[in-house]
Structures are given as C-alpha cells and as structure tokens.
There are 2 protein chains.
Amino acid sequence: MSSMTNESGAKGTRMRAEDRREHILKAATEVFGDYGYFGTTTAVVARAAGVSQPYVVRVFGTKEKLFLEVLQRALDLLMREFRAALAEESDVPLADRIGLAYVGLASNRGLLLSLMHGFVLGRDPEIGPEARRGFMCVYRFLRTEAGFDADESERFLAGGMMINTMIGLRMTDDFDRDADVRELLRAAFPQKLDVLLALAEPPIAERNGARS
Amino acid sequence: MSSMTNESGAKGTRMRAEDRREHILKAATEVFGDYGYFGTTTAVVARAAGVSQPYVVRVFGTKEKLFLEVLQRALDLLMREFRAALAEESDVPLADRIGLAYVGLASNRGLLLSLMHGFVLGRDPEIGPEARRGFMCVYRFLRTEAGFDADESERFLAGGMMINTMIGLRMTDDFDRDADVRELLRAAFPQKLDVLLALAEPPIAERNGARS
DNA sequence: TCGATTGGTTATTGGATGATTACTTAGCAC
DNA sequence: GTGCTAAGTAATCATCCAATAACCAATCGA
C-alpha cells in the first residue's frame, strides 16, 4: 500500500515485511506440498522465496511455526472460497458449487497438499491438534453454514480426500500412459479435470540441500 | 519353521534372517505410519525392532528401499484381505464385505497410514511411481475382480481415503471431547468404529533421535 | 542530510542422520 | 569339541540442517 513497494522478487530491492512474509508463505506452501513437513528444509523454502535461509527462520521463529502458518493460511483461503461459493447466486446446486470451489483450489499449488500433509501427522504434538481443528472447521461449515447433514458432509469430505490423494500421487502423470488412470480420474473429477491436467510438472526447487 | 527359532525379540538369542527381516518390517510400518518417510529415522525403526541401527540399514540397503518394502508388504496384505472378503460366502453385500476388510486393516498398526504417507509423496522419483502403481492395483481389483463400475470404485476409494485421513489425524483422540467429532466418525465408520476407538495411544517409540 | 528503523545477509555451530567398516558371537554340521 | 557360517553390534564418518550471532544497507521521517 505504500509508494514503491516491490511486488515481484526483483533483486536488490526491498519489500515491506508483511509482503515478504506472504511471499515466503506462498513459496513454503508449494515446497511443503511437494515434500511434506519433515521432507522440507528451510533452505529450500528460502531458495524458492528468493531469500536467505536464516531470514526464513527469523521471520517465522521455527520451521514448525512456519508450517503451522502455512496450514492456517491454506485453511483461511479454503474457507473464503467456500463461503464465496455459498453466497453465489446460481442455478447450480450448492453441493456442486462448493465442490467446484474445492477443485479450483487445486490450481493454487501446494495448498491442498500442504493440508493433506498436515492431516497425516496427527500424532505430532503441535501439528496434530491444529490439523484436527482445521479439519473440523470445514466439517462444521458444511453442517452449519451449508446445511448438509452428517452423511452428506462425510461424503463431501471423502471426495475431497480422494482429490487430495490423486493430487498427492501426481496421478495425472500417468494420464496419457494408462487407460485405467484416465477412467479413475474422470470418475474422481467429473468436472474441472482439465484444471488438474493443466498443472504441469515444474518441481518448485531443484532438490539441493534437502533431506534423504 | 526351523527348530528353536526365536519368535519374540528375546534378548541374547538370534532369529533367522528371514524372520528378523519381517520383524523389522512390522516395526518400520508402525514408525513410518506415525511420522512418514522423511520423519522416520532408521535409528527409531531399529529401536522399535530391538536391533541396532546399522543392522536395519544392512538388511534393507537404504532407508528408501526399506520404505518401499513397507509399502509393498502393506499392499500385499491389503490385497490378500480383499481377496479373502471376495471369496467369502456370505449374505452381506460384496461392497460391505470389502469395506469391512478395509476397516479391519486399521487394527494393523501403521499399515494404512504408511500407504497414505506414500500416497502424498507422488513427486518423489522413486516412491511416486511405486505409490501410483500400488493405488492402481487396488483400483483394478475393484473394477476387474470385484466387478464394481468406475463410479462405485471411485466412491469406495474415496471412503478409504477418508478413513485413512481420520486415522492419520488421530481424530479418535477428540472423540470424547467433541460432539461434532463423534458425529463425523459415526458417519465415516458406520460399522467397526469400536475397532478404531480401541486403537489407543502407545506411541511406538519415545521420539529420540528423530527429525525436527 | 542524517540518524534511526526496518529489511535483509554472511558466517557459524551443535546436534542429528544415513551409511560404512571392522569386529564379535551364536548355532549348526560333523 | 571344533570350525564355519550366519546374525548381529560398536565405533565412526561425512553430510546436512535448523537455529544463532553478528553485521550491513535501504528507506523514511524530520
């Protein structure tokens, strides 16, 4: 909002702390989405964001806090999209509108996958409670705001977890090679499969300095 | 099968290599299930199996090969249970029988979760292809052997991913605390919820020497 | 224009971590 | 018993990683 704030990561110039923070969060979301919490190093996040590794740590305190912020930001975005779909005037049934909003989030690289990585770390003493809280937040939205019953909500979430898994598996990689994969993906993504297939293959960072 | 082979990890005695190997694979399945591929150290697996860390590495070559063997073993067990459910004479509908078999696998600690951890590492050049292959193996079973159509198969798998997510989140931890959690879990596990709740909370290894 | 504040960097470190090497000992065949 | 093979362990290492410390330079208000 100030004069001459650098929006891109152009070299030599500075960003306001708040913008840089968001910039790092975006990069971190992509890296965490690809390699998960333990598989991600602060150095790779830093490189993806175009800053130094210690700066990442200084802004967020610890790698764990960074991951928790990534999860929170992802959930905020998701809820915003869901509420927008809910508010939307349309002939399309509500469940389909929210479903489409969900699939649309897949174009935000790493967002759904970072959440998914959080969902499988329920045993972690810090991440687990946050992940459960976030998941239930979505469930409560479906039940209370969207007006779904328990079974509808469960089925919707199941479809979501299926989508996350297809993305996590990079199942689209085998789309051209395997007719069964095509059939499965068409069943899992009745609409907007094209969005998925368009998400091509640039790994966010050459995997230097990352864990084995 | 031989005389005097030690079955438990009783101290001072030896096991035949094949038995010890299976013993380590079981322990590794639990640890990988809790912390994922990158979050698991060979030292923690070794402690869980009651052997030394270098021995784990020597038996399996690398940590990566160990994880791939864990995935393969998990898939083998899963397919065996599915085929058993298929062969079973019963009045229960086939889909329910296979579903019950799936939930039953949850009592095999770490098995479904290790698979799930594999499913979200699709970008990994070694793990990704194996994970996709394993997933499609299940899909082909449903389509070809069980006789489901594409949509039925997709819905079944979606339910499976939902179950995996609930387990990964340790959602049962909040069962007593949160009425919404109870409602969701009852919807996700129409039967056999008791099996899940019975799976209490002994973390497989005090988390020494593990990743941050 | 100058001093303070904010937005960064380079250098460094302590502690893990996967893997290797060299060594020990249990159990079987005879 | 005795010797051979298979089943392990202890010691060690190179590497990596998150975090800390110390320092530098844009930008802005006055």
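First the proteins, then the strands, lettered A, B, ... as listed; each starts at 1.
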Quiz prompt | Euclidean distance, atom CG of residue B/D19 to atom C1' of C/dA26 [Å, nearest integer] | solution = 16 Å
Exercise. Starting from the 5' end of DNA chain C, give me the residue, B/T62 or A/S52, whose nearest nucleotide shows up first.
Key: A/S52
Quiz item: Going through the distances and angles, do A/R170 and A/D34 end up as a salt bridge (charged side-chain N to carboxylate O under 4.0 Å, His left out)?
Solution: CA-CA 10 Å; A/R170 316 284 153 170; A/D34 277 352; 3.0 Å; yes
Exercise. Nearest whole angstrom, please: distance from the P of C/dC28 to the CZ of B/R16.
Key: 11 Å
Practice problem: Would you kindly give the CD1-to-P distance between B/I24 and D/dA7, to the nearest whole Å? | Solution: 11 Å
Quiz item: Does a side-chain N or O from A/T42 land closer than 4.0 Å to OP1 or OP2 of D/dA18, or not?
Solution: yes
Quiz item: Does atom NZ of A/K192 have more than 12 heavy-atom neighbours, drawn from other residues, nucleotides or ligands, at distances under 6.0 Å?
Solution: yes
Exercise. Run the numbers on B/E81 and B/Y102 for side chain to side chain donor-acceptor pair (under 3.5 Å), then give the verdict.
Key: CA-CA 8 Å; B/E81 291 298 315; B/Y102 190 80; over 6 Å; no
Practice problem: Provide, to the nearest angstrom, the distance between the CE atom belonging to A/M15 and the C1' atom belonging to D/dA25. | Solution: 17 Å
Practice problem: Check the distance between C/dG8's C1' and A/E18's CD and give it to me in whole angstrom. | Solution: 17 Å
Quiz item: Of the candidate nucleotides C/dT9, C/dA19, D/dG8, which contains the atom at the shortest distance from the side chain of B/Y55?
Solution: D/dG8
Exercise. Please state how far atom NZ in B/K65 lies from atom C1' in C/dA19, giving the value in whole angstrom units.
Key: 12 Å
Check: residues 51-58 of chain B side-chain donor-acceptor pairs under 3.5 Å, at least two apart:
residue : atom : partner : partner atom : Å
B/Q53   : NE2  : B/T42   : OG1          : 3.2

Quiz item: Is the A/F67 ring parallel, tilted or perpendicular to the A/Y37 ring (thresholds 30°, 60°)?
Solution: tilted
Could you write out each protein N or O paired with an N or O of nucleotides 23-25 of chain C at a distance under 3.5 Å?
residue : atom : partner : partner atom : Å
C/dT25  : O2   : B/R14   : NH1          : 3.3
C/dT25  : O2   : B/R14   : NH2          : 2.5

Practice problem: Can you tell me the distance, in whole Å, between the CD atom of A/Q53 and the C1' atom of D/dA18? | Solution: 6 Å
Quiz item: Do B/Y139 and A/E183 meet the criterion of a side-chain donor-acceptor pair at a distance under 3.5 Å?
Solution: yes
Quiz item: To the nearest Å, how far apart are A/R20 CZ and D/dT27 P?
Solution: 12 Å
Practice problem: May I have all residue pairs that pass ring-ring contact (aromatic ring centres under 6.0 Å, His included) and include part of residues 105-128 of chain B, sequence neighbours excluded? | Solution: B/F119-B/F135
Quiz prompt | Which nucleotide in D/dA7, D/dT20, D/dA10 has an atom nearest any side-chain atom of A/P54 | solution = D/dT20
